[in-house]
Amino acid sequence: MDESSRPKETNRSNPDRPLPGAMPDRLPETAPAPDFDAKSTAKKLLRLVRAGALATIDRNTGHPFGSLVNVATDSDGSPLILVSRLSSHTANLEADSRASVLLATAGKGDPLAHPRLTVLGRFAKIAHDAADEAHLRRRFLARHPKAELYAGFADFALWRMTVESAHLNAGFARAADLIAADVMTDISGARDLLEIEASAVAHMNDDHADAVALYATKLLAAAAGPWRVTGLDPDGLDLACGDAVLRLEFSQRVTGAGQLREILADLAKQARGS
């Protein structure tokens with residue numbers, strides 16, 4: 001990994017300091033293999049992992065405080081959590097918004113052999129009367145339907161992270177420091193798509209369940225089941241079947257309804273021909 005591919009963005013609050021999590025003086029240890037696409041791997045982990053280790057700063061002593069939270073994403077990939085103000089991690093965020101979330105995959109063998117991503121930034125509480133609260137709530141509950149049981153309680157609220165940096169470790173010689181732009185989805189010019197997301201998701205699930213199932217089983221090699229679309233953005237579709245989740249990437253960036261119809265039809269054609 002040459003120096004030109006290292007993160008160049010500095011901490012905006014203090015330009016003389018590197019971004020959180022960056023290790024600019026340990027290049028050999030984090031230099032990825034030439035065939036490794038760190039950005040794509042990181043973005044996929046951000047969209048796929050449903051629960052993560054939230055690290056906040058203890059309001060009493062400053063110690064790192066780790067807890068487990070369910071995670072979803074906004075349209076641009078910003079992590080979303082739904083937490084109670086009675087929780088210690090929420091009290092910590094109210095005192096200091098800085099935090100990180102570790103998103104790790106699981107599998108057989110050594111846990112450290114599987115990819116994981118740490119995203120670092122600041123969380124902000126979403127007011128119940130905020131203009132985008134309904135949109136964020138829908139995306140979170142689509143990913144975590146069981147959270148409907150408590151999402152309406154008065155002490156629960158959504159929090160969204162503004163990502164400042166990320167660190168990916170996908171195994172030996174597959175680690176990288178990343179800036180926010182490397183892991184986030186560009187939603188500029190995609191207002192039309194985002195405005196129809198809810199209706200498009202409902203339409204796919206209600207009227208094109210067969211195509212959704214083909215996306216999962218034929219294009220993504222998943223087991224058969226009642227697969228559903230849980231969200232979409234300019235880069236792709238999020239699918240779920242129970243606790244299993246998948247990410248179907250688009251071949252090109254999508255910003256409007258017409259493009260979406262075309263690319264979904266093309267994907268269905270590919271799936272039926274496979």
Side-chain angles (χ1 to χ4, degrees), residues 40 43-50 70-82 103 119 124 126-148 151-152 157-163 180-181 183-216 219-220 222 226-242 244-268 270-271:
S40 176
K43 292 180 79 168
K44 188 173 182 179
L45 284 170
L46 186 59
R47 294 294 189 178
L48 282 178
V49 182
R50 299 175 66 243
N70 285 334
V71 182
T73 57
D74 195 357
S75 303
D76 66 352
S78 298
L80 302 172
I81 58 175
L82 178 68
L103 304 169
V119 287
I126 307 301
H128 288 292
D129 59 354
D132 57 350
E133 202 274 348
H135 163 78
L136 299 177
R137 182 172 292 264
R138 179 186 59 76
R139 285 188 61 92
F140 188 91
L141 294 178
R143 177 54 63 95
H144 301 284
K146 292 180 181 178
E148 289 270 15
L158 287 162
W159 291 65
R160 176 174 49 200
M161 176 187 272
T162 298
V163 175
V183 297
M184 303 302 289
T185 295
D186 179 12
I187 60 172
S188 61
R191 181 177 177 180
D192 290 347
L193 178 71
L194 302 185
E195 287 182 344
I196 65 155
E197 181 193 5
S199 60
V201 168
H203 175 63
M204 288 299 297
N205 290 330
D206 294 341
D207 301 328
H208 298 286
D210 56 337
V212 174
L214 288 173
Y215 296 158
L219 299 183
L220 298 172
W227 288 96
R228 295 177 61 81
V229 179
T230 60
L232 61 88
D233 56 75
D235 288 345
L237 287 180
D238 295 316
L239 308 177
C241 178
V245 293
L246 296 172
R247 176 72 174 175
L248 179 61
E249 299 289 342
F250 294 148
S251 58
Q252 61 185 7
R253 187 168 180 267
V254 175
T255 59
Q259 279 183 292
L260 180 64
R261 283 193 294 270
E262 290 180 7
I263 201 162
L264 291 178
D266 287 343
L267 287 169
Q270 291 176 33

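Computed from a predicted structure; not experimentally measured. The analysis underlying the following values was restricted to heavy atoms, covering all of them including side chains, and did not include hydrogens, waters or symmetry mates.
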Query raised in the report: Who passes ring pair (Phe, Tyr, Trp, His ring centres under 6.0 Å) against His135, sequence neighbours left out?
Result: none
Report summary line: Phe140 meets the ring pair (Phe, Tyr, Trp, His ring centres under 6.0 Å) criterion, sequence neighbours left out, with His144
Requested in this report: State which residues pass side-chain contact (heavy atoms from CB on, under 4.5 Å) with Ala244; sequence neighbours excluded, sorted by chain then number.
Outcome: Trp227
**Report entry** Set of side-chain contact (heavy atoms from CB on, under 4.5 Å) partners for Ala268, sequence neighbours left out
**Finding:** Ala211, Tyr215, Arg272
Identify each donor-acceptor pair in which a side-chain atom of residues 259-267 lies under 3.5 Å from a protein atom, sequence neighbours left out, and give them as a table.
unit_1, atom_1, unit_2, atom_2, d
Gln259, OE1, Thr255, N, 2.9
Gln259, OE1, Thr255, OG1, 2.9
Gln259, NE2, Arg253, O, 3.4

Flag side-chain contact, heavy atom, 4.5 Å: [X] against [Y]:
| X | Y | result |
| --- | --- | --- |
| Leu237 | Val212 | no |
| Arg50 | Val71 | no |
| Lys43 | Glu249 | no |

If every non-hydrogen atom of [X] is compared with every non-hydrogen atom of [Y], which pair is closest and at what distance?
| X | Y | result |
| --- | --- | --- |
| Ala216 | Leu246 | CB-CD1, 3.8 Å |
| Asp192 | Gly256 | CB-CA, 4.3 Å |
| Arg47 | Asp74 | NH1-O, 2.9 Å |
| Glu133 | Ala127 | CG-O, 3.3 Å |
| Leu232 | Arg139 | O-NH1, 3.5 Å |
| Met184 | Ser78 | CE-OG, 3.2 Å |

Separation between [atom1] of [X] and [atom2] of [Y], rounded to the nearest 0.5 Å:
| X | Y | atom1 | atom2 | answer |
| --- | --- | --- | --- | --- |
| Asp186 | Asp235 | CG | CG | 8.0 Å |
| Thr230 | Leu239 | OG1 | CG | 7.0 Å |
| Leu80 | Asn70 | CG | CG | 12.0 Å |
| Asp233 | Leu194 | CG | CG | 8.0 Å |
| Ile187 | Ser75 | CD1 | OG | 6.0 Å |
| Leu82 | Leu136 | CG | CG | 11.0 Å |

Pairs under 3.5 angstrom only: tabulate donor-acceptor contacts from the side chains of residues 198-206 to other protein residues two or more places apart or in another chain.
unit_1, atom_1, unit_2, atom_2, d
Ser199, OG, Ile196, O, 3.0
His203, ND1, Asp207, OD2, 2.9
His203, NE2, His208, NE2, 3.1
Asn205, OD1, Val229, N, 2.8
Asn205, ND2, Val201, O, 3.2
Asn205, ND2, Val229, O, 2.9

Report task. Decide yes or no on side chain to side chain contact (heavy atoms under 4.5 Å, CB included) for Thr185 and Leu46, but give the supporting numbers first. Result -> CA-CA 11 Å; Thr185 295; Leu46 186 59; over 6 Å; no
Report task. List the steps, then state whether side chain to side chain contact (heavy atoms under 4.5 Å, CB included) holds for Arg137 with His128. Result -> CA-CA 10 Å; Arg137 182 172 292 264; His128 288 292; 3.7 Å; yes
